[in-house]
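Predicted, not measured: the structure shown is a model, and the values here were computed from it.
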Amino acid sequence: NYEIVCVVDAGGDPRTLANLTEIAGDRLRIVDYEEPFNFSAKINRGAVHSEGEQLLLLNDDMEVVTPNWIERLVMYAGFPGIGAVGAKLMFGDGRLQHVGVMLRHALPGHLYRGFATDHDGYVNVVRVANNYLAVTGACLMTPREVFFQAGGLSEQFPLSFNDVDYCLKVRSLGHRVVYDPDTILYHFESSSRSPDVADWELELFAKRWRHVAWADPYDNPNFHPSSIHMVPPVYLSDGTVVV
């Protein structure tokens, strides 16, 4: 029981829309978008035109691996107190792209980004469901009620950090953000746009959330200070600590 809301840029290839219509049929709802690119604005417009109880934010550069992926996301998003749930995403070559987002000094980073597919992480953190401050918006499910209560995605972040900003807003409302390791998709990241991050977006994000995200509650100050990958220090036989 689902609908597909596709927010389409002006000047898109009509053959693409024809293919979408052939595949999705009556489930498909096309929403036109003619303004300059703003990911947040596109998501918000799609949400307004949707009718579902759960909203699934999904990039157009994804490929599903887990057959029951939607059911799994709905399972988590339907729990009281959970405001957003994200998936395990892999690059096209199988390396890890997203298994949760951690913040240090208000700077977001993807845990174990670029690590091997079978990397388990510190105490198997990649393989088990976890709470985090944020998950990526490339594949993120959130209850419709929570989405509008949080004000949707901030259109002040047209390219980057809109998903992390949204998750922090969700947490400020008292909800949790969850990563599900058993919902797996490929994310051909930045195949549709530039991967560059603008300095002004980073500065705006830090200004807005520095008071909350300076020290991540799911981080540990004893991990390697220069790494976002939960790397513990190494104790040598002579007592030296390598960090």
Side-chain angles (χ1 to χ4, degrees), residues 54 56-79 82-105 107-142 160-161 163-164 166-167 171 176-197 213 216-237 241-243:
Q54 301 287 348
L56 173 61
L57 284 56
L58 190 68
N59 280 21
D60 60 359
D61 52 359
M62 312 292 290
E63 181 178 326
V64 176
V65 176
T66 307
N68 62 339
W69 65 298
I70 293 181
E71 291 84 349
R72 291 197 57 84
L73 294 174
V74 169
M75 175 187 70
Y76 280 103
F79 274 111
I82 294 182
V85 54
K88 178 180 181 179
L89 306 183
M90 301 182 299
F91 288 112
D93 60 6
R95 292 176 300 123
L96 298 179
Q97 188 264 335
H98 170 267
V99 293
V101 175
M102 184 169 286
L103 291 95
R104 286 182 178 172
H105 297 172
L107 299 177
H110 284 224
L111 286 167
Y112 302 111
R113 178 186 175 95
F115 280 56
T117 307
D118 58 356
H119 184 72
D120 298 331
Y122 182 71
V123 294
N124 289 321
V125 70
V126 175
R127 300 183 60 185
V128 297
N130 283 281
N131 296 322
Y132 285 109
L133 282 184
V135 291
T136 182
C139 178
L140 182 155
M141 182 171 283
T142 183
S160 304
F161 308 124
D163 46 3
V164 182
Y166 175 74
C167 288
R171 283 181 52 85
R176 289 186 289 136
V177 176
V178 174
Y179 152 73
D180 175 23
D182 296 311
T183 298
I184 304 173
L185 299 90
Y186 284 109
H187 182 199
F188 304 101
E189 185 182 32
S190 300
S191 65
S192 56
R193 68 173 179 86
S194 171
D196 295 334
V197 175
D216 193 313
Y218 304 108
D219 194 6
N220 186 321
N222 295 305
F223 287 139
H224 198 296
S226 65
S227 172
I228 197 70
H229 305 305
M230 289 185 174
V231 178
V234 176
Y235 296 88
L236 304 181
S237 58
V241 180
V242 181
V243 294

Can you tell me how far apart [atom1] ([X]) and [atom2] ([Y]) are? Round to the nearest 0.5 Å.
{"X": "Asp216", "Y": "Leu103", "atom1": "CG", "atom2": "CG", "answer": "5.5 Å"}
{"X": "His110", "Y": "Thr136", "atom1": "NE2", "atom2": "OG1", "answer": "5.0 Å"}
{"X": "Arg113", "Y": "Leu96", "atom1": "CZ", "atom2": "CG", "answer": "11.0 Å"}
{"X": "Leu57", "Y": "Tyr166", "atom1": "CG", "atom2": "OH", "answer": "7.5 Å"}
{"X": "Trp69", "Y": "Ile184", "atom1": "CH2", "atom2": "CD1", "answer": "13.5 Å"}
{"X": "Leu140", "Y": "Asn59", "atom1": "CG", "atom2": "CG", "answer": "10.5 Å"}

Give me the one residue out of Arg72, Arg127, Lys88 that meets salt bridge (charged side-chain N to carboxylate O under 4.0 Å, His left out) with Asp180.
Arg72
Tyr218 side chain vs Val101 backbone, donor-acceptor pair below 3.5 Å
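Absent.
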Main-chain N/O of Val126 paired to Tyr179 side chain as donor or acceptor, under 3.5 Å:
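Present.
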Kindly state each residue pair satisfying side-chain hydrogen bond (donor to acceptor under 3.5 Å, both in side chains) with at least one member in residues 90-105, sequence neighbours excluded.
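Only Asp93-Arg95, Gln97-His187, Gln97-Glu189, Arg104-Asp219 qualify under side-chain hydrogen bond (donor to acceptor under 3.5 Å, both in side chains).
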Do [X] and [Y] have side chains that get closer than 4.5 Å, going by heavy atoms?
{"X": "Asn130", "Y": "Val178", "result": "no"}
{"X": "Tyr112", "Y": "Met230", "result": "yes"}
{"X": "Cys167", "Y": "Val135", "result": "yes"}

If the plane angle is over 60° it's perpendicular, under 30° parallel, otherwise tilted; pick one for His119 and Phe115.
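His119 vs Phe115 ring planes: tilted.
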May I have the step-by-step check of side chain to side chain contact (heavy atoms under 4.5 Å, CB included) for Tyr132 and Arg171, ending in yes or no?
CA-CA 10 Å; Tyr132 285 109; Arg171 283 181 52 85; over 6 Å; no
Run the side chain to side chain contact (heavy atoms under 4.5 Å, CB included) test on Cys139 and Leu56 for me, step by step, so that the C-alpha distance in whole Å, both residues' side-chain angles and the decisive distance to 0.1 Å come before the verdict.
CA-CA 7 Å; Cys139 178; Leu56 173 61; 4.2 Å; yes
Under the side-chain hydrogen bond (donor to acceptor under 3.5 Å, both in side chains) test, which residues partner Asp182, sequence neighbours left out?
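For Asp182, no residue satisfies side-chain hydrogen bond (donor to acceptor under 3.5 Å, both in side chains) once neighbours in sequence are set aside.
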Closest heavy-atom pair and its distance - Asn131, Arg176:
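Where Asn131 meets Arg176 most closely, the heavy atoms are OD1-NH1, 3.1 Å.
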Heavy-atom pair with the smallest gap, counting every atom of Ala77 and Gln54:
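Shortest heavy-atom contact: CB-OE1, 3.3 Å.
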Could you walk me through whether Met75 and Val85 pass side chain to side chain contact (heavy atoms under 4.5 Å, CB included), step by step?
CA-CA 10 Å; Met75 175 187 70; Val85 54; over 6 Å; no
Derivation of the side chain to side chain contact (heavy atoms under 4.5 Å, CB included) call for Leu58 and Leu185:
CA-CA 11 Å; Leu58 190 68; Leu185 299 90; 4.3 Å; yes
Testing Leu89, Val65, Asp61 for side chain to side chain contact (heavy atoms under 4.5 Å, CB included) with Tyr186, which one passes?
Val65
Under a 3.5 Å cutoff, is there a donor and acceptor pairing between the side chains of Thr183 and Tyr76?
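Looking only at side-chain atoms, Tyr76 and Thr183 do not form any donor-acceptor pair under 3.5 Å.
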